Amino acid sequence: MGASATTTPELYAMNGGDGRFSYAKNSFLQGHSVNASKEKIGEAIAEKLDLKILLSTSKTIRIVDVGCSVGPNTFLAIQNIIESIERKYQAQYLNINQKPEFQVFFNDLTSNDFNTLFSSLPPNRQYFAAGVPGSFHGRLFPEGSIHFFYSCIALHILSKAPEELLDKNSPSWNKGRIHYINAPDEVVNAYATQYAKGIEIFLDARAKEMVSGGMAVMSFPANPTGIPYSQTFTGAMFELLESSLLDMAKEGKISEAQVDSFNLPMYVPSLEEMMELVQKNGSFDIEKMELTSPGVHASMTNTSSMGKAIVMHVRAGMERMLIQHFGSEIIDELFNRYAKKFEEFPHHVLPSKKVQLFVVLIRK
């Protein structure tokens, strides 16, 4: 239960299986994001993906979902992409006798529950499936082998929390907080620097792996410029978790030192930050980069049901990390407190309109 526990990337994997607290049963937020971006992805493929170039060297289109977790959202997203590519193929070629085949790579950390993922693969899928374990902060595929990269609600995750947050002699020491919400500039800058390093590695790796003319489509949380992070949906969600942990520390149920040494390995960039990082990398043309709405389903506009669903969503995503650092015995109480916070502050529940970044890149 030391400070190093939170810097182990394998702990970032979602809860496996299909039980009550599993990611498979509690990933509605990502599901709404998949649905919200369906049309945008279809438009990007129709307007910007040149299949003549891609199929000039291969009769197989290779697609990757980076940070796929265990389903069911990844299967829905892949189906949307393949259907859009097939429509584009018919529009560009009109030769249904030479339709391309599809190979889909499902990527996530080695600790991801690939067994659950593969046992729930759609039986009538129109593609060859393979799993690729490993962090997306690094190379995953041979050079020039991938035609289409996709990622949904994953690119805000860091390879690790900034180390200086744990240094008591550093101005970035993050005492009494688990993130950079309401933190001094030094803490925010440490996170931003770590994020920039991670995205540079991510873009370099994808640039090597992609064919020229290949497409990358990514959707992930964003912080609109001019809005304090604590007032965004993601920021408020983490602030209530931090508040729950601090309450438990005050009551002696966990130690203050445990809270001081726990920092969430996540950073939510602005559109301007992301644009600068992609332009600095220089390997991609930016076809689209815009703030979008996560698209919450009508059934979730009730703050009570939405609050409960968010608590389950956060538990499915962070339970392993929290258990490693604080121990399993506090988890039920922590999330009970967290649920009560949402009841006390219902305005934190509903996402503000445009808090996601939708990005379409073409490999030069």
Side-chain angles (χ1 to χ4, degrees), residues 29-30 32-45 47-49 66-67 77 136-137 148-159 162 179-183 185 187-207 210 214-239 264-296 348 350-364:
L29 286 176
Q30 290 89 333
H32 291 314
S33 185
V34 169
N35 286 323
S37 61
K38 179 179 178 179
E39 278 186 35
K40 290 177 180 295
I41 292 173
E43 285 168 13
I45 289 169
E47 294 168 14
K48 302 295 182 183
L49 193 66
V66 179
F136 57 63
H137 291 102
F148 197 104
F149 272 102
Y150 169 78
S151 177
C152 182
I153 320 296
L155 274 192
H156 62 301
I157 298 172
L158 304 172
S159 60
H179 208 207
Y180 59 92
I181 309 150
N182 303 317
D185 288 347
V187 172
V188 180
N189 292 340
Y191 267 101
T193 301
Q194 183 75 32
Y195 185 75
K197 281 183 199 161
I199 289 295
E200 185 181 357
I201 292 166
F202 174 86
L203 291 172
D204 279 345
R206 302 299 81 83
M210 288 179 80
M215 179 178 280
V217 174
M218 299 164 287
S219 180
F220 51 98
N223 192 19
T225 303
I227 295 178
Y229 180 48
S230 60
Q231 289 177 26
T232 67
F233 177 56
T234 312
M237 198 166 70
F238 292 152
E239 188 172 26
L264 291 172
M266 296 168 197
Y267 180 77
V268 179
S270 67
L271 183 151
E272 291 80 4
E273 279 177 284
M274 194 66 192
M275 186 167 282
E276 190 178 315
L277 290 168
V278 175
Q279 288 171 340
K280 183 183 166 196
N281 174 267
S283 300
F284 299 91
D285 288 321
I286 300 172
E287 294 298 340
K288 184 168 275 192
M289 190 176 291
E290 63 181 8
L291 289 171
T292 63
S293 165
V296 175
H348 279 349
L350 297 174
S352 50
K353 292 267 163 66
K354 295 193 173 179
V355 289
Q356 277 191 6
L357 202 52
F358 180 76
V359 182
V360 179
L361 307 177
I362 298 284
R363 179 71 172 97
K364 289 181 180 175

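Residue numbers count from 1 along this sequence. Owing to the predicted nature of the structure, the values given are computational and were not obtained by experimental measurement.
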For a 4.5 angstrom cut-off between non-hydrogen side-chain atoms, does [X] reach [Y]?
X: Phe220; Y: Ile157; value: no
X: Met274; Y: Tyr195; value: yes
X: Ser219; Y: Val359; value: no
X: Asp204; Y: Phe202; value: no
X: Glu239; Y: Tyr229; value: no
X: Phe149; Y: Met210; value: yes
X: Met275; Y: Ile286; value: yes
X: Ile153; Y: Pro221; value: yes

Apply the test side chain to side chain contact (heavy atoms under 4.5 Å, CB included) to residues Met218 and Phe358: give CA-CA distance (whole Å), side-chain angles for both, the deciding distance (0.1 Å), then the verdict.
CA-CA 6 Å; Met218 299 164 287; Phe358 180 76; over 6 Å; no
Minimum heavy-atom separation for [X] to [Y], with atom names?
X: Tyr191; Y: Tyr267; value: CB-CD1, 3.6 Å
X: Ser151; Y: Leu155; value: OG-CG, 4.2 Å
X: Met289; Y: Val278; value: CE-CG2, 4.1 Å
X: Val66; Y: Ala154; value: O-CB, 4.1 Å
X: Ser283; Y: Arg363; value: O-NH1, 3.1 Å
X: Ser159; Y: Gln194; value: OG-NE2, 3.7 Å

What do the steps show when you test Tyr150 against Ile41 for side chain to side chain contact (heavy atoms under 4.5 Å, CB included), and what is the final call?
CA-CA 10 Å; Tyr150 169 78; Ile41 292 173; 3.7 Å; yes
Distance, nearest 0.5 Å, that separates [atom1] of [X] from [atom2] of [Y]:
X: Leu361; Y: Lys288; atom1: CG; atom2: NZ; value: 13.0 Å
X: Ile199; Y: Leu158; atom1: CD1; atom2: CG; value: 9.0 Å
X: Leu277; Y: Leu203; atom1: CG; atom2: CG; value: 7.5 Å
X: Met215; Y: Ile362; atom1: CE; atom2: CD1; value: 3.5 Å

Salt bridge check: are Glu290 and Lys354 linked by an N-O gap of less than 4.0 Å?
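Between Lys354 and Glu290 there is no salt bridge, as every charged N stays at least 4.0 Å from the carboxylate O atoms.
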Could you work out, with salt bridge (Lys or Arg N to Asp or Glu O under 4.0 Å) as the rule, every residue matching Glu39, not counting sequence neighbours?
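If we apply the salt bridge (Lys or Arg N to Asp or Glu O under 4.0 Å) test to Glu39, skipping adjacent residues, there are no hits.
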Are Phe238 and His179, when compared by the centres of their aromatic rings, separated by less than 6.0 Å?
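Here the rings of His179 and Phe238 have centres that are less than 6.0 Å from each other.
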What's the verdict on side chain to side chain contact (heavy atoms under 4.5 Å, CB included) for Val360 and Phe284, showing C-alpha distance, side-chain angles and the deciding distance?
CA-CA 10 Å; Val360 179; Phe284 299 91; over 6 Å; no
Show your working on side chain to side chain donor-acceptor pair (under 3.5 Å) between Glu273 and Asn223 and close with a plain yes or no.
CA-CA 10 Å; Glu273 279 177 284; Asn223 192 19; over 6 Å; no
Assess whether side chain to side chain donor-acceptor pair (under 3.5 Å) is satisfied between Gln356 and Ser293, documenting all intermediate values.
CA-CA 6 Å; Gln356 277 191 6; Ser293 165; over 6 Å; no
Please determine whether the number of non-hydrogen atoms from other residues, nucleotides or ligands lying under 6.0 Å from atom NZ of Lys364 exceeds 12.
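Enclosed.
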For atom CD of Glu276, is the number of surrounding heavy atoms from other residues, nucleotides or ligands below 6.0 Å larger than 12?
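Not more than 12 within 6.0 Å, no.
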Indicate yes or no for a side-chain donor-acceptor contact from Thr232 to the backbone of Gly235 under 3.5 Å, with no hydrogens or angles considered.
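Yes.
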